[in-house]
Amino acid sequence: MTNGNGGVAGGTRGKPIKCNAAVAWGPGVPLSVEEVEVAPPGPLEVRVKVLFTSICHTDLSAWKGENEMHRKYPRILGHEAAGVVESVGEGVDGLAPGDHVIPIFTGECEKCVYCKSDKTNLCGTYRVDPFKTTMVFDNGTRFSLVDRNSGLRQPVYHFLNTSTFTEYTVLDAACAVKINPKAPLHKMCLLSCGISTGVGAAWNSADVSAGSTVAVFGLGAVGLAVAEGARLRGAARIIGVDVNPAKFSKEMGVTDFVDSRTCDKPVHEVISEMADGGVDYSFECTGISDVLREAFLSTHDGWGLTVMLGIHSTPKMVPLHPMELYGRRIIGCVFGDFKGKSQLPNLVDKCVSGEVNINFDGFITHKMPFSDINKAFQLLEEGKSLRCLLNL
């Protein structure tokens with residue numbers, strides 16, 4: 001329950017909360033919206049009232065069971081959201097009931113050797129781990145299904161440190177980012193994954209320079225966020241590559257479009273001709289190894305940089321010969337190389353002040369009640385939406 005200002009009403013702290021959640025029961029099985037019990041937060045954890053959540057292709061892939069790492073049920077998926085802290089567990093600093101937060105799937109404890117390094121945004125303890133289905137503190141779950149007749153409890157597993165397809169969730173405090181309360185939560189929801197990942201890839205991973213040339217392979221939300229980041233950095237030319245011409249978006253900064261299905265030669269040769277020998281930066285946002293190779297070869301010999309953002313299935317290997325790395329580079333990127341807790345609040349502040357003008361509205365193609373979550377999945381699977389915002 002929330003009060004009139006979006007804050008959380010008292011009376012629930014330290015007690016289990018019963019609420020609705022969309023539970024995944026198996027690969028491709030429609031999500032079942034049903035009542036779950038959400039335990040109070042343990043030490044170094046927070047319980048959050050989720051106000052908005054949206055669906056990413058990673059959620060779609062997990063729901064379909066495309067990778068073995070995602071196949072543990074029942075489970076609450078979802079990792080892109082925004083909400084308000086309801087209560088905090090023992091030892092939590094810097095977060096309090098009523099705080100506006102966005103969950104992040106790769107956390108930041110701010111204390112380990114990784115978090116103290118300026119060379120990585122990974123954390124020794126709370127980094128993204130698709131195999132992880134429980135909480136760090138006790139290896140247990142905070143979600144349960146309770147049989148109304150027998151009282152028997154069935155644990156419901158967590159997903160990507162977040163599990164946001166529920167009215168309440170429990171997060172490790174390291175995975176909850178406190179943000180400016182003036183920021184509109186329905187937009188900040190997208191910073192949980194898609195926009196941070198794409199914009200950050202352009203800003204942090206590649207450090208795209210003004211006047212440069214860019215190719216983005218895969219124009220879903222992450223790919224268009226890359227284009228948006230490159231646009232904001234002043235890239236002169238942003239070439240979008242996809243199989244769906246409907247995704248060509250000048251609004252997001254894409255200046256040219258290549259339909260890979262209609263090319264009479266390899267895409268990298270097409271781009272080489274368009275960009276006088278190749279682009280300065282390419283971004284692979286599909287998780288398809290053949291596309292990764294095309295993205296790599298589309299960059300200019302001598303200084304080209306490819307950033308890999310797609311989630312590639314196991315046991316696929318990088319489709320390159322080692323000698324091809326002479327003259328071109330390739331790097332991986334997680335969460336746009338943002339340190340979530342220490343850097344995202346500053347980005348939010350700049351969005352609120354107008355110093356940074358990310359086109360959040362351009363990514364939100366649909367808005368629906370939480371009860372329509374299966375319809376939202378269908379829209380994403382059919383390529384008809386970028387982000388469907390679900391209101392809880």
Side-chain angles (χ1 to χ4, degrees), residues 13-17 21 23-24 36-50 53 58-59 62 67-97 99 101-117 120-145 153-166 168-178 192-193 196 334-335 338-345:
R13 297 171 196 169
K15 303 175 183 177
I17 291 177
V23 180
V36 298
E37 187 174 284
V38 185
L44 301 180
E45 298 172 1
V46 297
R47 188 162 58 184
V48 173
K49 166 60 179 171
V50 179
T53 189
T58 301
D59 298 312
N67 289 305
E68 284 290 337
M69 64 186 75
H70 293 144
R71 296 179 185 173
K72 189 155 187 176
Y73 306 100
R75 200 171 190 182
I76 296 175
L77 304 176
H79 65 286
E80 202 170 70
V84 179
V85 174
E86 176 269 339
S87 59
V88 302
E90 179 184 348
V92 172
D93 293 321
L95 290 168
D99 285 344
V101 292
I102 52 177
I104 50 174
F105 61 83
T106 188
E108 182 186 359
C109 74
E110 303 180 277
K111 298 176 181 178
C112 71
V113 64
Y114 294 90
C115 289
K116 290 181 178 179
S117 170
T120 182
N121 67 336
L122 297 179
C123 174
T125 302
Y126 299 101
R127 69 174 65 189
V128 60
D129 179 0
F131 290 99
K132 181 172 174 283
T133 59
T134 55
M135 301 299 291
V136 168
F137 170 66
D138 58 1
N139 201 35
T141 73
R142 301 293 175 265
F143 304 114
S144 299
L145 288 163
R153 294 176 174 273
Q154 181 177 12
V156 180
Y157 296 101
H158 295 252
F159 177 70
L160 290 183
N161 290 328
T162 47
S163 289
T164 63
F165 293 162
T166 172
Y168 284 87
T169 190
V170 175
L171 311 169
D172 294 302
C175 296
V177 178
K178 180 181 177 180
S192 274
C193 178
S196 294
V334 175
F335 198 53
F338 276 115
K339 286 180 177 285
K341 288 181 72 75
S342 57
Q343 293 180 339
L344 278 190

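Predicted model only: the values in this text are computed from it and were never measured.
In plain terms, the two heavy atoms of Ala96 and Val85 that are nearest each other are O-CB, 3.4 Å. Heavy-atom minimum distance, Thr141 versus His158: CA-NE2, 3.5 Å. Here the shortest heavy-atom pairing between Pro345 and Lys178 reads CG-O, 3.5 Å. Across all non-hydrogen atoms, the minimal contact from Ile102 to Ala82 is CG2-CB, 3.9 Å. Annotation for Leu44 and Gly91: closest pair CD2-O, 3.3 Å, computed over non-hydrogen atoms. For Ile76 against Ala21, the heavy-atom pair with the smallest separation is CD1-CB, 3.8 Å.
Annotation: the span from Lys15 atom NZ to Glu86 atom CD amounts to 10.5 Å, rounded to 0.5 Å. Annotation: the span from Lys132 atom NZ to Leu160 atom CG amounts to 9.5 Å, rounded to 0.5 Å. Note that the OG1 atom of Thr120 and the OH atom of Tyr114 stand 8.0 Å from one another [nearest 0.5 Å]. From Glu45, atom CD reaches atom CG of Leu95 across 12.5 Å, with rounding to the nearest 0.5 Å. Between Ser87 atom OG and Ile17 atom CD1 the span is 6.5 Å, to the nearest 0.5 Å. The structure places NZ of Lys116 at 11.0 Å from CD of Glu110, a figure rounded to the nearest 0.5 Å.
Counting only distance, with no hydrogens or angles, the side chain of Thr106 and the backbone of Arg127 share no donor-acceptor pair below 3.5 Å. Asn121 contributes a side-chain N or O that, together with a main-chain N or O of Val334, makes up a donor-acceptor pair within less than 3.5 Å. Panel note: side chain Glu108, backbone Lys341; a donor-acceptor pair is recorded below 3.5 Å. At least one donor-acceptor pair under 3.5 Å links the side chain of Thr53 to the backbone N or O of Glu80. For the pair Arg47 (side chain) and Ala39 (backbone), a donor-acceptor distance under 3.5 Å is present. Without hydrogens or angle criteria, Ser117 side chain to Val113 main chain gives no donor-acceptor distance under 3.5 Å. Using modelled atom types, one side-chain atom of Thr169 and one backbone atom of Thr162 make a donor-acceptor pair closer than 3.5 Å. Side-chain N or O atoms of Ser192 include one that pairs as donor or acceptor with a backbone N or O of Pro103 at under 3.5 Å.
Put simply, the side chain of Pro74 reaches to within 4.5 Å of the side chain of Val23, judged on heavy atoms. No side-chain heavy atom of Cys112 sits under 4.5 Å from any side-chain heavy atom of Thr125. Looking at Phe105 and Thr58, their side chains never come closer than 4.5 Å, going by heavy atoms from C-beta outward. Within the 4.5 Å cutoff, no side-chain heavy atoms of Val101 are placed close to those of Val177.
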**Q.** Stepwise side chain to side chain contact (heavy atoms under 4.5 Å, CB included) check, Val128 with Phe335
**A.** CA-CA 9 Å; Val128 60; Phe335 198 53; over 6 Å; no
Q: Dump the intermediate steps for side chain to side chain contact (heavy atoms under 4.5 Å, CB included) on Val48 and Tyr168, then the final yes or no.
A: CA-CA 6 Å; Val48 173; Tyr168 284 87; over 6 Å; no
Q: Show your reasoning for whether side chain to side chain contact (heavy atoms under 4.5 Å, CB included) applies to Cys175 and Asn161.
A: CA-CA 7 Å; Cys175 296; Asn161 290 328; 3.8 Å; yes
Q: I would like to know whether Phe165 and Asp59 meet side chain to side chain contact (heavy atoms under 4.5 Å, CB included); could you show each step before the answer?
A: CA-CA 10 Å; Phe165 293 162; Asp59 298 312; 3.9 Å; yes
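For Ala174, the side-chain contact (heavy atoms from CB on, under 4.5 Å) partners at least two apart in sequence or on another chain are Tyr126.
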